[in-house]
Amino acid sequence: MVDPTETVVSASPDVLAGLDYWRTLDIKQQPTWTDTAAVAAASNELAKLPPLVFAGEVDQLRDRLAKAARGEAFLLQGGDCAETFAGATADQIRARVKTLLQMAVVLTYGASMPVVKMGRMAGQFAKPRSSDTETRGDVTLPAYRGDVVNGYDFTAESRTPDPARLVQGYHTAASTLNLVRAFTQGGFASLKEVHSWNQGFARNPANAMYEGLAKEIDRAIRFMEAAGADFDELKRVEFYTGHEGLLMDYERPLTRIDSRNGTPVATSAHFLWIGERTRDLDGAHVDYFSRIRNPIGVKLGPSTTTDDMERLIDKLDPDREPGRLTFITRMGAGKIRDALPPLLEHIKTLDATPLWVTDPMHGNGVTTPTGYKTRRFDDIVDEVKGFFESHRAAGTHPGGIHVELTGDDVTECLGGSEHIDEATLATRYESLCDPRLNHMQSLELAFLVAEELSA
Ligand code: PEP
Ligand code: MN
C-alpha cells in the first residue's frame, strides 16, 4: 500500500528524455555487441533490479566531498584497475578494505581531518582500451574490455562481448558491496583493530623510516583512550563506492529517479568518474553525467587546457554545487609541475571550487624489456609531491588521492621498501590491466602522504 503521507515526485518528460540524449552523440570506448536483442534484454533486467546504492547516501557523499573541496577533509579512493568476477572473493575483498582502512587511519592522523573512504570497488568492471583489437601472432581478436563485457582468455569465444555479463556484473557488484557494508559496519573496521594492524607494518624493519610517525599515532590513540574516547563509536566507518562511468549499457538502466525530488541518480555506485579518454565536451559521457545528481569526477591528463577545464565545469557543475565535481589529475611525475599550476591559477579566477585529487598512477606507466606493464613507486611518490607543491604554491587545496591497489602481496609495481625489481615482477603479477600497489606499498604511500599532509 502506498503511504498516503509520502509524496512521490516523478521526473518531468524533459528530464526523462534527456537521459537518452547521449544516444544521439558521438560515443567512445563501447563494445561492439553482436547480439543486440540480448543487450536489450539485459538492460531490461537491470532496469528492474534494486538500486545498489541509495540517493540519500549519494547526497551524504556530496556533502563529505564538499568539505574536502574546502580543505576540511581528504579523499582516499583506491582499488583494482579492473575488478574481476573471479576476484570477488571474501578474502580478496577483505584484504582491499583492510588496506584502505589502514591507509585512512594514517592519513587521518597526518591531515588532522576526516578522511572520506572510497573503494574503486563493486562496479569497476569496464575498461577503456587503446585499441579495439589485440593481436597475438597471426590471431586478432576483440580487446579485453573488462569482465562486464568479455573474458580475458585469448579465444574468439571468450573475447566476444557477452550481454549476459552485464547482469553478472550487477550481481557481483551487489555481493561485493554487501560484504563491504558488513566489514565497515560490523566491527571489523574498529579504530583499535586497524591501528594494531598498522603497528605490524611499522615493526617490520624494512619500514623503520616510518617508525616515528607510527609511534606518534600510537601515542594519539593511547591519549584518546585515557581521555575516555568512546571506541565503540569508532567501530563503524562510512565507506563509499566509485568506478569509471564508462559502459552505458550498464549505467543507463541502473539510473533511477529519486522519488523525493524527481531527479535522476546513478545507483551503480555513489561516485562515478569520466575517464581521460571519454571526457570530450560534446561526447555522450559528459552529456549523460551532466544529467545525474551524483558527485562525479573527471580525469585530467597533462594536455588539459584551461579552456577544457572551464567548459567541463560549465557543463558538469553549472550550479557550482559544492562537492559535485572532482578533478582527478593524472599528469605523470615528469609533467605535473608544469601542467597542473596553470589549471590552479585559472581556477582562482572562476567562481568554482572543484575537489582536486591526484591519481599518481596513470601518468606513470612504463613497460619493462620483458614486457611487463609496471610503475615505479618513486615516480608515484614524486607525482604526489608535485601535486602538493603545486597546490601549496597556488593556495588551493590538495584534496585527495586516487590509487590502484590491492590488499594482496602482488609484485606489479617496482620499488617500495621491499625493493621489488624487474626480475621479481614475474613472481606474482596478477592484474589483467594496470599494475597495482601491493599491501605494503599502499601503506608506505599512506605514510608518505601523511607526512605531506602534516608538513
Ligand atoms: C583508470 O582509472 O583505470 C583509467 C583508465 O584512467 P584514465 O582514464 O585516467 O586513463
Ligand atoms: Mn587503470
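Numbering of ligands and ligand atoms starts at 1, following listing order. Both backbone and side-chain heavy atoms feed into the values below; hydrogens, waters and symmetry mates do not. On a predicted model such as this, the values are computed, not experimentally measured, just so you know.
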With backbone taken as N, CA, C and O and side chain as the heavy atoms from C-beta onward, which portion of H243 lies under 4.0 Å from ligand 1: side chain, backbone, both, or neither?
neither
With H362 as partner, the option from E404, M331, E276 fulfilling side chain to side chain contact (heavy atoms under 4.5 Å, CB included) is E404
Is M361 in contact with ligand 1, taking contact as a heavy-atom separation below 4.0 Å?
no
Select one of side chain, backbone, both or neither to describe which atoms of E276 lie under 4.0 Å from any atom of ligand 1, heavy atoms only.
both
Using 2.8 Å as the threshold, say whether any N, O or S atom from C433 sits that close to the Mn ion (ligand 2).
no
W197 and F188 aromatic ring geometry - parallel, tilted or perpendicular at 30°/60° bounds
tilted
Output field for angle at the Mn ion (ligand 2), E404.OE2 vs H362.NE2, rounded to 10°, should show 80°
Any Lys/Arg nitrogen of R94 or D91 sitting under 4.0 Å from an Asp/Glu carboxylate oxygen of the other?
yes
Heavy-atom distances under 4.0 Å are what count here, so tell me which part of K127 touches ligand 1: side chain, backbone, both or neither.
side chain
Distance, nearest 0.5 Å, that separates OG1 of T424 from CD of E412
13.0 Å
So for atom CZ, which belongs to R23, do other residues, nucleotides or ligands contribute more than 12 heavy atoms lying within a distance under 6.0 Å?
yes
If the cut-off is 4.0 Å to any non-hydrogen atom of G275, which atoms of ligand 1 fall inside it?
8 (O)
Quick one: sort the Y152 and Y144 rings into parallel, tilted or perpendicular, breaks at 30° and 60°.
perpendicular
Which atom name would you report as the N, O or S atom of D434 nearest the Mn ion (ligand 2)?
OD2
Which of parallel (below 30°), tilted (30 to 60°) and perpendicular (above 60°) describes W273 and F271?
tilted
Against ligand 1, does H402 come closer than 4.0 Å with any heavy atom?
no
Strictly under 4.0 Å, does any heavy atom of Q124 approach an atom of ligand 1?
no
Show the atoms of ligand 1 that are less than 4.0 angstrom away from any heavy atom in P128.
5 (C)
Any idea which protein heavy atom is nearest atom 4 (C) of ligand 1, and the distance to it?
H362 NE2, 3.4 Å
Which word best sums up how the rings of F85 and F125 line up, parallel for under 30°, tilted for 30 to 60°, or perpendicular for over 60°?
perpendicular
Which of the ligand 1 atoms, numbered from 1, are nearer than 4.0 Å to a heavy atom of R120:
1 (C), 2 (O), 3 (O)
Is R330 close to ligand 1, meaning an N/O of one under 3.5 Å from an N/O of the other?
yes
Salt-bridged, E134 to R159, with N to O below 4.0 Å?
yes
May I ask you to check whether K299 has an N/O atom sitting below 3.5 Å from an N/O atom of ligand 1?
yes
Aromatic plane relationship, H270 with Y240 - under 30° parallel, 30 to 60° tilted, over 60° perpendicular
perpendicular
Taking 4.0 Å as the limit for heavy-atom contacts, which would you say applies to C433 with ligand 1: side chain only, backbone only, both, or neither?
neither
